[in-house]
Undergrad: 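Handing you a structure now.
Note on naming: letters A, B, ... go to the chains in the order of the sequence lines (proteins, then strands), and numbering restarts at 1 for each one. The figures here come from the full heavy-atom set of this structure, side chains too, leaving out hydrogens, waters and symmetry mates.
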Protein chains: 2
Amino acid sequence: MSDQTLPEKIANQLRRDILRGRLAPGDSLKERDKAADLGVSRTPMREAIRIVAREGLITLRPARSPIVAMPDVKAVTDDVEVLLSVEKLSGKLACERATDADIEGIAVITQHMDNNFTTMDPLDMFEIDMSFHSAIAKASHNEPLAEIHSRFLARLWRARFLAAIKRRNRTKVIAHHTAILAALRARDAVAIDAAIGTHLDQLSKDIADVIRREHQDLQDKADQQAD
Amino acid sequence: MSDQTLPEKIANQLRRDILRGRLAPGDSLKERDKAADLGVSRTPMREAIRIVAREGLITLRPARSPIVAMPDVKAVTDDVEVLLSVEKLSGKLACERATDADIEGIAVITQHMDNNFTTMDPLDMFEIDMSFHSAIAKASHNEPLAEIHSRFLARLWRARFLAAIKRRNRTKVIAHHTAILAALRARDAVAIDAAIGTHLDQLSKDIADVIRREHQDLQDKADQQAD
DNA sequence: GTTGAAAATTTGGTATACCGAATCTTGTTG
DNA sequence: CAACAAGATTCGGTATACCAAATTTTCAAC
């Protein structure tokens, strides 16, 4: 058995179900039912729900079932605002403190993405994209910073994913990543700040777009709610 | 009874005990004993421990008792690094989005601190200081940002407190706060960035100092560990 | 037919009991 | 006397049972 604790495994499962869309925003998560589904008891399920809730993917309501979070445009914009700041700080610190091995690892990821972007499955592509950003956060050698970064990345995962599969902007993403990598190689803090700014500006636009559209859909659905 | 949930109340209690020093770094928190102490069962105590652990005040160890966190100098420095960035972003956003009421509230806090700093109890003084910083984070009108801010503030609470009571730098703190308030009033993002930078630079030095000293003590104590 | 109140059901909150792993004790052996 | 092994104990992990609040449903009265 893995060294991962049971609640964490359940949390991963929940996260994946939410991010992949098996659990839609607004769905309720009754701890009894969910626990029965996975064949575990309520205690670890409860803890798992708290874990994911703290990440922002689940909303806890007093005396009600937790539900899958339904971020509105403002919430997502706020998250991007923080993510931008966190990534810029990561980039700056990485320029100072990244080891050569760190940079090499990031280069490999970038290369891999560049080589396969025409053929790759959107989901795989996307996970590589995520790992690129995480690698930079790790290269800051500031653990709490990396932790916050991964938390906000997770919050935006779903929106980013929806944005990524719709748009045909893969080449743009790769260009941005290449620019970030170049700045890191040169250990040029100013350049990496600008490159990250450009990249996340684009992201911000794409995401706001997707969320706006989705909220429209949800609104429509709510208007005819019968079930 | 308050609308605060039981685990949260327990978490507050734990936090206060840790921050006030009733629970020293390294002390173990056996959930059975702790639960019995407060006359509650293990379930809410367990959840409370997780809450505080996630804030960074408690360290969870696999298959062992959780212990009160013992941050080293690097950990604290990392935290300050993040806090600085978060506060700067808060300040910038507050310059754009704070309402007049927000600013007035911050002014009142500053004023209060200025009026009473010669007579006030260190702990009260300190809580006012905290509320000043929290008020600025809130004035950013970015909720996830404010949440992160409060988390890092909590992590550093103890170190800041130890630093604050030792030093006779209250006048300096007030000068800094006044400068931050002035920049906010002028909605001058550049000025507030600088003012916050100055303030937290000072903090960083003070905190590193205290932690270094404390680690020395703990080291000494560990060398003769008998109990 | 609609409205309101009461009862039943659903659901999260809390307590407790059980289990297995890790640790500490103790006794035996070299 | 030291070292190691086996048993006892401690403690976190998990399951389950009970409780109270909130919602929903149903039945009665207007």
Undergrad: DNA chain D: A:R64 or A:V40, which has the more 5' nearest nucleotide?
TA: A:V40
Undergrad: Does the distance from a Lys or Arg side-chain N to an Asp or Glu carboxylate O, for B:D209 and B:R213, drop under 4.0 Å?
TA: yes
Undergrad: Taking OP1 and OP2 of C:dG12, is either one under 4.0 Å from a side-chain nitrogen or oxygen of A:S65?
TA: yes
Undergrad: Quick check for you: name the first and last nucleotides of DNA chain D, 5' to 3', having an atom under 4.0 Å from a heavy atom of chain A.
TA: D:dT14 to D:dT23
Undergrad: May I ask you to say what A:L29 touches in the nucleic acid, namely base, sugar-phosphate or nothing, with a heavy-atom cut-off under 4.0 Å?
TA: sugar-phosphate
Undergrad: Expressed as a whole number of angstroms, how long is the span from A:K30:NZ to C:dG13:P?
TA: 15 Å
Undergrad: Let me know which of A:R15, A:R151, A:R50 forms a salt bridge (charged side-chain N to carboxylate O under 4.0 Å, His left out) with A:E55.
TA: A:R15
Undergrad: Is a donor on one side and an acceptor on the other found under 3.5 Å between the side chain of A:S204 and the backbone of A:L200?
TA: no
Undergrad: Round to the nearest Å and state the distance from A:K34 atom NZ to C:dT11 atom P.
TA: 13 Å
Undergrad: If you look at every strand shown and take non-hydrogen atoms under 4.0 Å, does B:P66 touch a base, only sugar-phosphate, or nothing?
TA: sugar-phosphate
Undergrad: Can you measure B:L6 atom CG to C:dG13 atom C1' for me and round it to whole angstrom units?
TA: 9 Å
Undergrad: Identify whether NZ of Lys or CZ of Arg in B:R158 sits under 6.0 Å from the centre of the six-membered ring of B:F161 and within 45° of that ring's axis.
TA: no
Undergrad: Taking only side-chain N and O atoms of A:R42, does any of them lie within less than 4.0 angstrom of OP1 or OP2 on C:dG12?
TA: no
Undergrad: Looking only at side chains, do B:D17 and B:Q13 share a donor and an acceptor under 3.5 Å apart?
TA: yes
Undergrad: Select from B:P44 and B:R32 the residue whose nearest nucleotide in DNA chain C is closer to the 5' end of that strand.
TA: B:P44
Undergrad: A:E47 CD to C:dG12 P: how many Å, rounded?
TA: 17 Å
Undergrad: Could you tell me how far apart A:I49 (CD1) and C:dG12 (P) are, to the nearest whole angstrom?
TA: 7 Å
Undergrad: Check for a donor-acceptor pair, side chain of B:D27 on one end and backbone N or O of B:A24 on the other, with a separation under 3.5 Å.
TA: yes
Undergrad: Ignoring hydrogens and angles, tell me if any N or O in the side chain of B:D102 forms a donor-acceptor pair with the backbone of B:T99 under 3.5 Å.
TA: yes
